[in-house]
Amino acid sequence: MSRYRVPGLGRTDPAEPVSFTFDGRRYEGLRGDTVASALLANGVHLMGRSFKYHRPRGPVSAGSEEPNALIGTSRGPGRFEPNTRATVQELRQGLVAESQNKWPSLKFDIGAVNDRAYMLFSAGFYYKTFMWPRSFWDKVYEPFIRAAAGLGKSPSEPDPDNYASRYLHTDVLVVGGGAAGIVAALTAAKSGAKVVLVDENPEMGGSLLSDPAVQIEGLSAWSWLSGQLSQLRAAGVTLMTRTTAIGYYHQNMVGLAERLTDHLDQPPQGAPRERMWRVRARQVVLAQGALEKPLVFDGNDRPGVMLAGAAQTYLNRYGVKVGDCAAVVTSHDSAWYAAFDLADAGCRIAAIADTRDQVRPDLVEAARRRGIEVLSGHTATATYGRLRVSGVRVNPVHNGKAGAGRKIACDALLISGGWTPSLHLFSHTKGSLSWDKESRTFLPGHKTEACQIAGAGRGLWGYGPVLEDGVRAGLAVAEALGRTGQPLAARVEGDRPGTGSSQTELPTDRSAGKAKAFVDYQNDVTAKDIRLAVREGMRSIEHVKRYTTNGMATDQGKMSNINGLMIAADALGKAPPEVGLTTFRPPYTPTSFGAFAGYHKGDTFELTRKTPIDPWAEAKGAVFEPVSLWRRAWYFPKAGEDMHAAVARECRETRASAGMFDASTLGKIEVAGPDAVEFMNRMYTNPWTKLQPGRCRYGLLLGEDGFIRDDGVIGRLSNDLFHVTTTTGGAARVLNMMEDYLQTEWPDLNVWLTSTTEQWATVAVNGPNARKVLEPLVKGLDMSDAAFPHMSVAECTVAGFPARLFRVSFTGELGFEVNVPARHGLALWKSIFEAGQPYGICPYGTETMHVLRAEKGYIIVGQDTDGTVTPQDAGLDWAVGKAKKDFVGKRSLARPDIVAPNRKQLVGLLTEDRSRLEEGAQIVLDPNQKLPMTMVGHVTSSYDSVALGRPIAMALIAGGHGRMGETVHIPMPHGTVRATITSTDFYDPEGERLKA
């Protein structure tokens with residue numbers, strides 16, 4: 001048994017020892033311990049070093065708010081994690097832990113020299129020091145900052161663990177498994193609601209686990225807790241432990257990070273390490289409790305100085321006393337109860353120093369019965385000891401000033417400055433906070449979401465009031481759900497009510513400018529740093545935060561924000577609400593990247609989307625390529641064919657007879673509503689008012705800057721319904737752009753936008769025999785050229801499936817695009833393929849599609865455009881409605897630089913030696929010019945054309961439209977190639993073939 005382990009106390013299992021190492025030394029703890037509790041049981045308080053001054057630090061808390069005891073943990077190759085809180089890391093067999101931020105060792109750290117030179121590192125020192133001389137920045141200041149920055153060692157190996165994610169819908173989500181959360185969940189569940197109760201700890205109970213002496217309904221706290229958990233399970237409540245609510249988002253969406261295997265000695269093979277839950281709840285109850293505040297005084301950071309509530313937790317939950325002789329400095333009643341528990345467990349309490357002049361007589365009497373010296377109206381002005389506290393100096397306070405002090409020997413110092421409601425999740429919702437003058441803290445105010453706040457989270461103290469409030473919250477959410485709840489009984493005996501006074505920093509008997517009274521432990525921010533920031537012009541708490549880094553550590557200011565605010569307000573002579581409150585942002589506690597990534601790792605890093613026709617292509621031996629988020633058939637090689645031969649054959653057979661292409665990945669958006677045509681007129685360059693239902697038009701979409709964003713064929717199905725197609729990679733971007741304008745610029749328009757990309761499977765059929773292939777399959781439509789001319793659309797039946805049939809072409813041949821519900825896509829493809837056999841129909845892939853479109857000069861947005869190309873640059877000024885009053889980007893098209901004659905413009909290129917150019921190759925006018933050479937453009941597309949019997953290319957060239965017939969030069973690996981500038985319409989420039 002470890003020296004500081006108290007037999008008979010705690011919820012750990014004495015029959016199951018657990019071995020682990022810390023900084024290479026072997027220790028033993030018990031099943032149920034955290035690393036912090038196990039080390040404390042072995043008398044180890046020194047667990048790390050602070051960030052700036054490298055001061056020795058030990059745990060100051062027992063929970064996730066811990067700023068000091070950050071360790072690196074490992075359980076094998078690739079499974080190293082820095083900045084793990086020793087206070088929450090459960091002990092597991094063989095755990096390897098190491099301290100951080102030290103060299104060469106934890107006990108002897110060279111970086112501690114910063115502590116000696118602390119006067120050089122006052123608040124904002126980097127803003128002042130690193131400004132002069134400027135020449136020092138690159139070689140002195142920046143290397144120094146980079147070497148000193150960071151906390152812990154970044155993992156260097158790939159993470160072998162798996163992570164998961166789930167969605168969950170529930171009536172009620174209760175966050176916090178303490179007294180208030182438990183009764184709120186049970187009350188709501190008994191009304192018939194579906195309830196989920198989550199808590200970040202390994203077991204439910206909250207502060208009840210640290211207060212076993214309290215009696216509820218005639219039972220000890222732990223017995224009552226066990227019974228309540230049984231009732232919750234019987235009522236169908238989902239209980240989720242080791243699950244932290246990290247963020248509270250709009251419309252009651254709450255993110256939960258569940259730790260699944262970090263506590264296991266041998267995790268099951270393939271089991272996920274963590275799971276991210278995205279929970280949508282109709283009602284939320286926040287019962288997160290409150291966080292204890294440290295007192296701010298000189299030396300309040302030494303190992304062995306910890307929160308009184310933490311010491312009580314280590315004793316009653318883990319069976320560990322934090323020292324043999326403890327002293328207490330407090331401004332709140334709760335620390336007295338912690339002292340009594342430790343005294344009853346055999347720890348000598350040297351003294352209780354309370355900053356208040358008057359303390360409840362019953363507390364004083366209870367202390368004296370235990371032989372504890374009581375010092376009311378006292379302050380702490382210093383601590384002693386190097387690697388662990390050995391004493392504290394306490395002083396009486398008269399008229400706000402510290403009198404003569406005395407040293408009290410101790411090996412643990414318990415402090416408490418009262419409690420702050422945990423409002424982080426509530427603040428995520430942008431709910432307002434109200435300042436409570438009596439308790440001098442912020443409480444939840446106006447709510448923006450359907451939620452209730454219960455218990456200590458809204459400033460209540462004592463188990464009686466907290467339980468009563470939890471029942472109230474449960475009844476409230478039940479009523480909001482239209483259900484009737486029944487109040488639960490929660491009679492408390494031996495309650496521990498508490499009050500206290502709120503402090504800034506404690507009075508000191510030394511110069512306040514030299515006192516190291518820490519506010520933010522992790523970032524080494526002191527009270528004098530905050531006052532210095534105010535003197536140097538910082539007036540808002542947000543400015544103070546950034547100037548001092550108070551609250552910017554990994555604990556997000558859980559222990560420092562309120563103290564920092566009180567000190568800043570005092571320095572400004574203002575009330576705290578006038579100074580403001582820093583913003584709490586998700587996640588509530590540091591969360592691994594793996595949990596956020598979930599399944600997006602390795603082969604599943606990015607979801608591979610496949611069309612309904614993908615299985616057929618795979619069975620036929622297609623070679624695939626990634627296009628945006630999709631896997632698409634690149635080409636279909638036959639025996640003995642390489643890519644060049646396969647693409648050449650596909651091009652030849654499609655132009656000779658018929659080819660079919662899977663175009664399902666095209667973006668598709670339905671624009672519907674009475675104002676649909678007006679919306680289209682405003683979004684696209686083309687006019688849409690006179691386009692008749694049943695007809696299509698090429699649509700060009702610009703940004704506000706006048707540059708091409710996307711294009712596609714758009715069909716008008718009725719007066720108030722358009723079927724818009726976009727590029728494969730632009731589907732989401734175009735929809736987002738449309739929604740942005742509809743919601744922010746034109747909310748008066750009565751229009752609905754719906755993404756239908758996945759709703760429709762699309763098969764393109766091209767070639768001279770395309771109509772002959774499709775005609776037998778089409779019902780309810782005359783497909784003749786006279787009845788269904790080029791750029792038409794109709795709803796009909798194809799191969800027995802309801803379809804939207806477009807007569808359009810991206811190849812220059814007679815072409816059709818058949819859209820059917822996605823579930824029928826594969827069957828449609830097979831039917832068309834079968835019908836095309838008499839005509840030798842050829843399935844072709846994306847590479848052939850690129851060649852066929854390039855032969856006609858059809859652009860691909862993002863390949864033949866680069867974000868700076870206008871319609872005129874691309875030769876598409878015909879698609880701009882000259883009479884239109886306005887559309888997105890119209891004003892920019894008149895800017896002088898947009899109409900400048902020497903802009904890069906899209907042209908065709910034919911090489912003199914008939915060699916194929918490389919895409920991206922740079923273009924010059926004079927190959928003999930002096931270096932550096934002036935580049936006038938680059939090649940955007942380049943292919944071998946079977947139809948033309950030679951390579952072709954498209955390029956963006958400065959002033960290209962005015963250089964037709966000129967010769968340009970393209971440096972290539974084998975030498976400089978000469979090419980002639982031509983039109984981009986290489987094949988069938990009159991367009992006769994698509995009119996057949």
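Using a 30° and 60° split on the angle between ring planes, F679 and W746 fall in the perpendicular class, above 60°. Ring geometry, F833 versus W616: the interplanar angle exceeds 60°, so the pair is classed perpendicular (tilted spans 30 to 60°).
Looking at heavy atoms from C-beta onward, T911 lies out of side-chain contact with R978 at the 4.5 angstrom threshold. By the 4.5 Å heavy-atom criterion applied to side chains, D866 and K904 are not counted as neighbours. With a 4.5 Å cut-off on side-chain heavy atoms, F816 and V798 do not count as touching. Two residues are said to be in side-chain contact when any heavy atoms from C-beta on lie closer than 4.5 Å; I708 and L702 meet this criterion.
Figure legend: R697 and Y684 shown without cation-pi pairing, the cationic atom not lying both under 6.0 angstrom from the six-membered ring centre and within 45 degrees of its axis. Cation-pi check for R853 over Y858 is not met; the charged atom does not lie both under 6.0 angstrom from the ring centroid and within 45 degrees of its normal.
The aromatic ring centroids of F887 and W688 lie 6.0 Å or more from each other.
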**OP:** Walk me through it: do N766 and L814 pass the test side-chain contact (heavy atoms from CB on, under 4.5 Å)?
**Re:** CA-CA 6 Å; N766 293 277; L814 172 65; over 6 Å; no
Subject >> side-chain contact (heavy atoms from CB on, under 4.5 Å) between R709 and V734, intermediate numbers included >> reply: CA-CA 8 Å; R709 291 288 189 272; V734 172; over 6 Å; no
Subject >> side-chain contact (heavy atoms from CB on, under 4.5 Å) assessment of M680 paired with V724 >> reply: CA-CA 10 Å; M680 294 296 296; V724 178; 4.0 Å; yes
**OP:** Begin with the C-alpha distance, continue with both residues' side-chain angles, and end with the deciding distance and a verdict on salt bridge (Lys or Arg N to Asp or Glu O under 4.0 Å) for E678 and R682.
**Re:** CA-CA 6 Å; E678 176 62 20; R682 296 183 188 184; 2.7 Å; yes
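Residues in residues 870-882 take part in these salt bridge (charged side-chain N to carboxylate O under 4.0 Å, His left out) pairs, two or more places apart or across chains: D873-R903. The side chain to side chain donor-acceptor pair (under 3.5 Å) contacts involving residues 961-973 comprise R963-E966, where partners must be two or more places apart or lie in separate chains.
For K610 and D662, the salt-bridge test fails: no basic side-chain N is under 4.0 Å from an acidic carboxylate O. In summary, R804 and E670 engage in a salt bridge, as defined by a charged side-chain N under 4.0 Å from a carboxylate O.
Looking at S942, its side chain never comes within 3.5 Å of a backbone N or O of R916 through a donor-acceptor pair.
Remark: F986 pairs with no residue by the ring pair (Phe, Tyr, Trp, His ring centres under 6.0 Å) rule, at least two apart or across chains.
Using a 3.5 Å distance cut-off with no hydrogens or angles, the side chains of S983 and D985 do not pair a donor with an acceptor. Checking T846 against E625 by side-chain atom types alone, a donor-acceptor pair falls below 3.5 Å.
In terms of heavy atoms, P802 sits closest to P821 at O-CD, 3.2 Å.
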